[in-house]
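Read through the structure below, which is laid out as structure tokens, and then see the notes.
Computed from a predicted structure; not experimentally measured. Throughout, a chain's letter reflects where its sequence line sits, starting with A, and its residues are numbered from 1.
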Protein chains: 2
Amino acid sequence: MATIRDVAKLADVSVSTVSLALSNPARVSPKTLEKIRQAVAAVGYVADPLAQSLARGRSRMIGFVVGNVGNPFFGDIRRELENYALDHQHFVVVTDSSGKTDRERAMVEHLIGLKAAGLALAPSGYDRDYIDFIGGLNVPIVCFDQKVAGIERDFVGSDNHLAGAMLTEHLLQLGHRRIAFIAGPSHMHTATERYRGFVDTMANAGVEVNPNFVVDGQFTRTAGYEAAMRLLIQPERPTAILGANNAVALSALQAMQELGFRCPDDISLAMIDNVQWSSVITPRITMVVQDTLALGGIIARRLMHRITSPQSAVEPPQDFVLTPKFVPGNSCRRI
Amino acid sequence: MATIRDVAKLADVSVSTVSLALSNPARVSPKTLEKIRQAVAAVGYVADPLAQSLARGRSRMIGFVVGNVGNPFFGDIRRELENYALDHQHFVVVTDSSGKTDRERAMVEHLIGLKAAGLALAPSGYDRDYIDFIGGLNVPIVCFDQKVAGIERDFVGSDNHLAGAMLTEHLLQLGHRRIAFIAGPSHMHTATERYRGFVDTMANAGVEVNPNFVVDGQFTRTAGYEAAMRLLIQPERPTAILGANNAVALSALQAMQELGFRCPDDISLAMIDNVQWSSVITPRITMVVQDTLALGGIIARRLMHRITSPQSAVEPPQDFVLTPKFVPGNSCRRI
DNA sequence: TGATTAAATCGAACCGGTTCGATCAAACTG
DNA sequence: CAGTTTGATCGAACCGGTTCGATTTAATCA
């Protein structure tokens, strides 16, 4: 591998001139520049990014840290970020914490060690320790998905209260009153907001929420399945189930199928967030989806702005909250 | 941030001794070791991975390069690799090429620039240029999923011929004769093997393959959908469709639903590879799935072996081909 | 034309580690 | 006790770049 010294030798200039020529061609005379260009081509020189990062104290690498890269929600955002970053000479490396806070932390530390230029982070923690950790990082960070109280960073996400409200309203308008809600972890902002959206809308409509109809699905497949089972074996069953995310809603569908309930004939179902192949799932689930492309675009632009413009450090963190979209399916019937 | 020189100063030893003590404690006297340990703790020293990588010429980072992290097939493998790597003090960074060969190449070059310890690579290319590129890399690499002729590396994958054969056999035994096949790109090893499995099994059974019943779905959603449509609008329709991967098969299901065909009553469907939430798709698709956990485990062990054991460089590349598993659903009916 | 200023280039220090040959004292050999 | 081996430690070079103050060269002005 050719080094910058090889280039310098061949072009008969100093190493520092080569470095200067490569990073700021305008400050070098045209004819030296040409000599250097030829030498670079001749030896096939490519700068070592590691050495550059060490010397500069910054790399051109953006860390994308999420709990589940397999989730299409994150996938879309990743793609948007990646395209944008690539256009600005930055690379995205993805790390998956599998939802584990300590692993996420190790990964973030690793990325910081690599002198990452910036981080797009879907936070998985919420306690003091975690907040202090994130807050203490001296690197541009854009948080998304989960709004964590206490983290003073740019945030990009969707209006989750509205998401819960929209589906609740839809079910109410179809005549449902016994609406069940499979919730997510109470420490997650998205989960509590969606739940509040449900509760508030029910209250506004003057419909009482049956406490037995609110179960915790942890946003996971297994817990969602159990939660759904608990709903379905009650003597007084709900007429509609609202799943606070895709995993719990689809687990509920599975539970319904296994117990022989027809959807939507026996029980209606609605969910927040899309899944891959939702179009071939029968019935097509009525859902509220996030505008992942827009989210990804905002995250990308905001992060690159923080990275590239020096004075952005003094700009206060900003929240970007997008409106989710209602996508009707045929999983909810009028009663 | 404390550097190794701070530690050396405080412990009153040379920098090289500190370095030695940290990397090979046994070669340092117990009492200096203790001094150094205390100094490390006192200044809160953590080695800069960047500087280490630069000096050593190798990092502790493993690159996981695939075409679509959203595919659960890759997701499971990634998880296995990650767990194993973490146990061996290595980190996994994921890069997604979106199936684009040139982007994959850029990402691999980037990882090499970062002095990646090794690569787990699902190759996306096949031409001379690409093969030379991969072959020229001087880093441990384990390829998986796609076996590319000409790449002399460890390979981990499934018996795709068998996968195609199993489903074909299944359909034949149910009495089907007019079996259609939605194929993948002919340059992909998995695609051609699966197709051969289909053709060979048909031939063995003495059943002729209708040329109109073999269409190209490119392993993608859109092409798969079009391919399925071509099949379904023929006056003489197939009684069963075998999708060479999950995307084309599910696109076929969607096409069937849109045209009003019932599966399996009108047309049977079988596919290779699982998808997330396949359990809630109606009907439950009969499929052959790969043992992703086992694949991931083998990839992880093989790669770590190549990385950690110096003499492994002379070991010839090895192929690991696993037997896929038949998972019956209710998308195929007897006729 | 000599003084002043701007532009181009260079040398050396630095980023933060690793590595290897040299040094030196202690322990071992005959 | 002189000669050799061993173990601990050190100094210096190195990995491959960047950066900045100093120096040389060229251009501008009086």
Side-chain angles (χ1 to χ4, degrees), chain A residues 1-37 39-40 43-61 89 109-110 112-117 138-139 310, chain B residues 1-37 39-40 43-61 89 109-110 112-117 138-139 310:
Chain A
M1 201 83 284
T3 77
I4 198 172
R5 304 179 208 260
D6 300 327
V7 176
K9 202 162 296 171
L10 187 60
D12 195 31
V13 294
S14 77
V15 168
S16 49
T17 304
V18 177
S19 177
L20 187 62
L22 263 28
S23 64
N24 196 348
R27 287 227 309 259
V28 157
S29 79
K31 82 170 179 296
T32 359
L33 185 57
E34 187 48 32
K35 270 200 302 184
I36 291 172
R37 285 244 163 90
V40 165
V43 301
Y45 170 73
V46 179
D48 183 333
L50 227 53
Q52 283 184 308
S53 304
L54 180 62
R56 290 196 178 127
R58 279 274 149 269
S59 75
R60 300 194 148 282
M61 168 188 305
Q89 290 76 252
E109 276 170 345
H110 188 239
I112 299 291
L114 258 30
K115 310 276 187 296
N138 187 25
V139 121
Chain B
M1 202 84 286
T3 78
I4 198 172
R5 310 187 201 253
D6 300 328
V7 176
K9 203 163 295 172
L10 188 60
D12 196 32
V13 294
S14 77
V15 167
S16 48
T17 304
V18 177
S19 177
L20 188 63
L22 262 30
S23 64
N24 195 347
R27 288 227 309 259
V28 157
S29 78
K31 81 171 183 293
T32 5
L33 186 57
E34 187 47 34
K35 270 199 304 185
I36 291 172
R37 286 244 162 91
V40 165
V43 302
Y45 170 73
V46 178
D48 182 334
L50 226 55
Q52 282 184 306
S53 303
L54 179 61
R56 290 197 180 129
R58 281 273 148 270
S59 75
R60 300 194 149 281
M61 170 187 303
Q89 288 76 251
E109 276 169 344
H110 188 240
I112 299 292
L114 258 30
K115 309 278 188 295
N138 187 25
V139 119

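When heavy atoms are screened at a 4.0 angstrom cut-off, B:Val7 is found touching no nucleic acid atom at all. Residue-level contact check: A:Ser16 touches the bases, meaning some heavy atom is under 4.0 Å from a base atom. Here B:Val18 lies out of heavy-atom contact (under 4.0 Å) with every strand. Residue B:Thr32 is in sugar-phosphate contact alone, with no base atom involved, counting any heavy-atom pair closer than 4.0 Å across all strands shown. Counting non-hydrogen atoms under 4.0 angstrom, B:Leu50 reaches nothing in the nucleic acid. Contacts of A:Ser19 with the nucleic acid, taken as non-hydrogen atoms under 4.0 Å apart, include base atoms. Heavy atoms of B:Val13 sit under 4.0 angstrom from primed sugar atoms or phosphate atoms, though from no base atom. Within the nucleic acid shown, B:Val15 comes within 4.0 Å of at least one base atom, counting heavy atoms only.
More than 12 heavy atoms of other shown residues, nucleotides or ligands fall within 6.0 angstrom of atom CZ in A:Arg58. Crowding of A:Asn24 atom CG: a count of heavy atoms from other residues, nucleotides or ligands under 6.0 Å exceeding 12.
Residues B:Ser59 and B:Ser53 share a closest heavy-atom pair of CB-OG, 3.3 Å. Residues B:Ile4 and B:Tyr45 share a closest heavy-atom pair of N-CE1, 3.4 Å.
Spacing between atom CZ of A:Arg27 and atom P of C:dA7 amounts to 11 Å, rounded to whole angstrom units.
Looking at A:Met61 and B:Leu114, their side chains come closer than 4.5 Å, going by heavy atoms from C-beta outward. Proximity of B:Val18 to B:Val15: side-chain heavy atoms (C-beta onward) are nowhere separated by under 4.5 Å. Looking at A:Glu109 and A:Ile112, their side chains never come closer than 4.5 Å, going by heavy atoms from C-beta outward.
One finds a side-chain N or O of A:Thr17 lying less than 4.0 angstrom from the OP1 or OP2 phosphate oxygen of C:dC10.
Along DNA chain D, the nucleotide nearest B:Ala55 and the nucleotide nearest B:Asp12 are compared for position; the residue whose nucleotide lies closer to the 5' end is B:Asp12. A residue-by-residue look at A:Arg5 and A:Pro30 shows that A:Pro30 has its nearest nucleotide of DNA chain C further toward the 5' end.
Boundaries of the chain A contact region on DNA chain D are D:dG16 to D:dT19, first to last in 5' to 3' order (nucleotide atom under 4.0 Å from a heavy atom).
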